[in-house]
There are 2 protein chains.
Amino acid sequence: MQNSEAMALSAALLAVAGELTQRIHEGVVARGFEGVRPAHGFAFTRLAPGGATVTELAAHLGVTKQAASQLVDEIVRKGYAERRPHPGDARARLVVLTERGWDCTRAAEEAAAEAVRPWVELLGESEVRALRDRLLRIAPYGPIRPAW
Amino acid sequence: MQNSEAMALSAALLAVAGELTQRIHEGVVARGFEGVRPAHGFAFTRLAPGGATVTELAAHLGVTKQAASQLVDEIVRKGYAERRPHPGDARARLVVLTERGWDCTRAAEEAAAEAVRPWVELLGESEVRALRDRLLRIAPYGPIRPAW
DNA sequence: GTAAATAGTCAAGCTGCTTGACCACATGGA
DNA sequence: TCCATGTGGTCAAGCAGCTTGACTATTTAC
C-alpha cells in the first residue's frame with residue numbers, strides 16, 4: 001500500500017474519530033450530564049463491569065496513577081462514582097459507578113447510536129457492521145489514549 | 001443498529017485512532033524529527049498545499065487563533081515552517097513549510113504506511129482499501145479535533 | 001521477621017489551551 | 001475622501017489536566 005494511501009486512510013480515520021467523540025460528548029451533555037469530559041467516558045467503560053482500582057484505571061487510560069486519582073476525585077465529586085474499601089487488599093480502594101454513573105453510561109450509548117445513524121443512512125447497516133467488525137479485528141489491547 | 005453495537009463500533013474506532021496516532025508519532029520521532037507533536041502533523045497537512053494564514057490554520061484545527069499562533073511560533077522556532085508576508089493582504093502573514101517541514105511530512109507518510117502494514121497483513125490489502133473508502137465517505141469536512 | 005514491592009495520596013510544576021485587550025490594515029458606505 | 005466597522009495577528013494573564021517527586025500504609029517474598 002502506497003504511503004499516500006496510508007496517509008489518506010489515517011487522516012480519514014482520525015477525522016472520523018474526532019467527529020465521533022465530539023458528537024457523543026454533545027449527546028451526553030444534551031441528556032443532562034454536564035461537567036463530564038470524553039475521558040470520563042473511557043473511565044466509565046473500565047469501571048462498569050464491577051469497579052476497578054485507581055492503578056488499573058491508570059493503566060487503562062495510559063496515564064499516571066496520580067492523574068487517574070485526580071480524575072476519580074472529579075467523578076466522585078460530581079456523583080458518578082464512589083470509592084469503596086477493596087475486599088482483600090486494605091491498601092487499595094475499589095472505584096465503582098453510582099446509579100448516576102450508570103445513567104450517564106447509558107446516555108453515552110444512546111448518543112453513540114445517534115452519532116452513528118448518519119453512517120447507516122449513507123452506507124447501509126450491513127456496511128457499518130462490516131466496518132465495526134474490521135475495526136474490532138485491528139483494535140489494540142493496550143491503553144486507550146487520546147488521538148492527539 | 002443497537003446502542004451496544006454503536007458503542008462497540010465507537011470504542012473500536014477510538015482505540016484504533018489512538019493507537020494509530022501514537023505509532024505515527026513514534027515513527028516520525030524515530031526518523032529524527034524530535035520535539036514534534038501529533039497536532040503539528042495536522043497543521044502540516046493544512047500548510048502543505050501552499051501555505052495558510054494563522055486564522056485558516058486555527059479554523060482547520062478547531063482552536064483559537066491565539067493557540068494557532070503559538071503553535072506556529074513553535075514550528076517556526078523548530079525550523080519546520082516560516083512566516084512570509086501575505087501577497088495581497090498586508091495584515092496577514094502566509095505560513096509555509098520549510099524544506100525540513102516537507103521532510104517531516106514525508107516521514108509522517110512513511111510512518112503511516114508502517115503503522116497500517118499490520119492491518120494489511122491481518123485483513124488483506126483490498127479489505128484495508130475498502131475500510132479507507134468507507135471512512136472517507138463518512139469523514140466530516142469540519143475542523144480536525146483531537147479524539148479527546 | 002524484615003526488606004522490597006505495591007496502592008494511593010499530597011504537593012509543586014509545566015504545557016497547551018483559553019479569554020481579554022490591543023494594534024495594524026482592509027472594507028464599505030456617506 | 002474620510003470615517004466606522006470588520007478582520008488578521010499578537011501580547012498577556014489565567015486555567016485545566018497532566019507530569020515528576022516525595023511520602024505513608026499495606027502486602028509480598030525471601
Side-chain angles (χ1 to χ4, degrees), chain A residues 18 21-22 25 29 34-44 46-47 50-78 80-96 143-148, chain B residues 18 21-22 25 29 34-44 46-47 50-78 80-96 143-148:
Chain A
T21 302
Q22 199 173 348
H25 179 244
V29 170
E34 291 192 18
V36 65
R37 290 178 288 123
H40 296 155
F42 293 93
F44 288 4
R46 181 65 185 79
L47 298 179
T53 66
V54 163
T55 299
E56 288 166 347
L57 194 55
H60 181 249
L61 297 177
V63 298
T64 61
K65 53 185 185 174
Q66 292 92 323
S69 186
Q70 290 171 11
L71 189 146
V72 170
D73 282 344
E74 190 181 346
I75 62 178
V76 165
R77 180 164 39 82
K78 291 178 178 168
Y80 296 107
E82 58 185 18
R83 293 185 221 247
R84 294 190 182 160
H86 193 289
D89 190 340
R91 294 171 303 177
R93 310 172 77 177
L94 195 62
V95 182
V96 296
I144 302 287
R145 309 229 45 167
W148 87 78
Chain B
T21 302
Q22 199 172 350
H25 179 244
V29 170
E34 291 193 17
V36 65
R37 292 179 287 123
H40 296 157
F42 293 92
F44 288 5
R46 181 63 185 82
L47 298 179
T53 65
V54 164
T55 299
E56 288 165 349
L57 194 56
H60 182 249
L61 297 176
V63 297
T64 61
K65 54 185 184 173
Q66 292 93 323
S69 186
Q70 289 172 12
L71 190 146
V72 169
D73 281 345
E74 191 180 345
I75 61 179
V76 165
R77 180 163 38 82
K78 291 176 178 168
Y80 295 106
E82 58 185 17
R83 293 185 221 247
R84 295 191 182 160
H86 192 288
D89 190 341
R91 295 171 303 177
R93 311 172 75 175
L94 195 63
V95 182
V96 297
I144 303 288
R145 309 228 44 164
W148 87 77

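Not measured: the values here are computed from a predicted model. Chain identifiers are assigned alphabetically (A, B, ...) following the order of the sequence lines, protein sequences preceding nucleic acid strands; residue numbering begins at 1 within each chain. In what follows, every heavy atom counts, from backbone to side chain, and hydrogens, waters and symmetry copies are set aside.
- When all heavy atoms of B:H60 and B:F42 are compared, the pair lying nearest together is CE1-O, 3.3 Å.
- In plain terms, the two heavy atoms of B:A52 and B:L94 that are nearest each other are N-CD1, 3.7 Å.
- Between B:T21 and B:P38, the shortest heavy-atom distance links the atoms CG2-CB, 3.8 Å.
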Pair B:V54, B:R83 - check side-chain contact (heavy atoms from CB on, under 4.5 Å), show working.
CA-CA 10 Å; B:V54 164; B:R83 293 185 221 247; 4.2 Å; yes

Test side-chain contact (heavy atoms from CB on, under 4.5 Å) on A:K78 and A:V36 and set out the steps.
CA-CA 9 Å; A:K78 291 178 178 168; A:V36 65; over 6 Å; no

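- OP1 or OP2 of D:dG9 lies within a sub-4.0 Å distance of a side-chain N or O belonging to B:T53.
- At C:dG8, one or more side-chain N or O atoms of A:T55 fall inside 4.0 Å of OP1 or OP2 (strictly under the cut-off).
- Of all heavy-atom pairs spanning A:T55 and A:K65, the tightest one is OG1-CD, 4.2 Å.
- When the local axes at the two ends of the helix from C:dG1-D:dC30 to C:dA30-D:dT1 are compared, using 5 base pairs at each end, they differ in direction by 30° after rounding to 10°.
- Protein atom NZ of B:K65 is 12 Å distant from nucleotide atom C1' of C:dG20, rounded to whole Å.
- Atom NZ of B:K78 and atom C1' of C:dT15 are 11 Å apart (whole Å).
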When every nucleotide of nucleotides 11-18 of chain D is labelled 5' to 3' by its protein contacts under 4.0 Å (heavy atoms), B for base, S for sugar-phosphate only, - for none, what sequence of letters results?
B-----SB

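- The phosphate of D:dT10 (OP1 or OP2) has a side-chain N or O of B:S69 nearer than 4.0 angstrom.
- For DNA chain C, the neighbouring residues in residues 80-87 of chain A, judged by any heavy atom under 4.0 Å, are A:R83.
- Between the CZ atom of A:R93 and the P atom of D:dT24 there is a distance of 18 Å, rounded to whole Å.
- The heavy-atom pair separating A:A81 from A:V95 by the smallest distance is CB-CG1, 4.1 Å.
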Sugar-phosphate or base contact per nucleotide [nucleotides 25-30 of chain D; S, B, -; heavy atom under 4.0 Å]
BBS---

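- Counting to the nearest Å, the C1' atom of C:dC17 and the NE2 atom of B:H40 are 13 Å from each other.
- Here side chain to side chain donor-acceptor pair (under 3.5 Å) pairs that include residues 86-96 of chain A, with residues two or more places apart or in two chains, are A:D89-A:R91.
- Residues passing the side chain to side chain donor-acceptor pair (under 3.5 Å) test with B:R37, sequence neighbours excluded: B:H40, B:E74.
- Closest heavy-atom contact between A:L71 and A:A43: CD2-CB, 3.9 Å.
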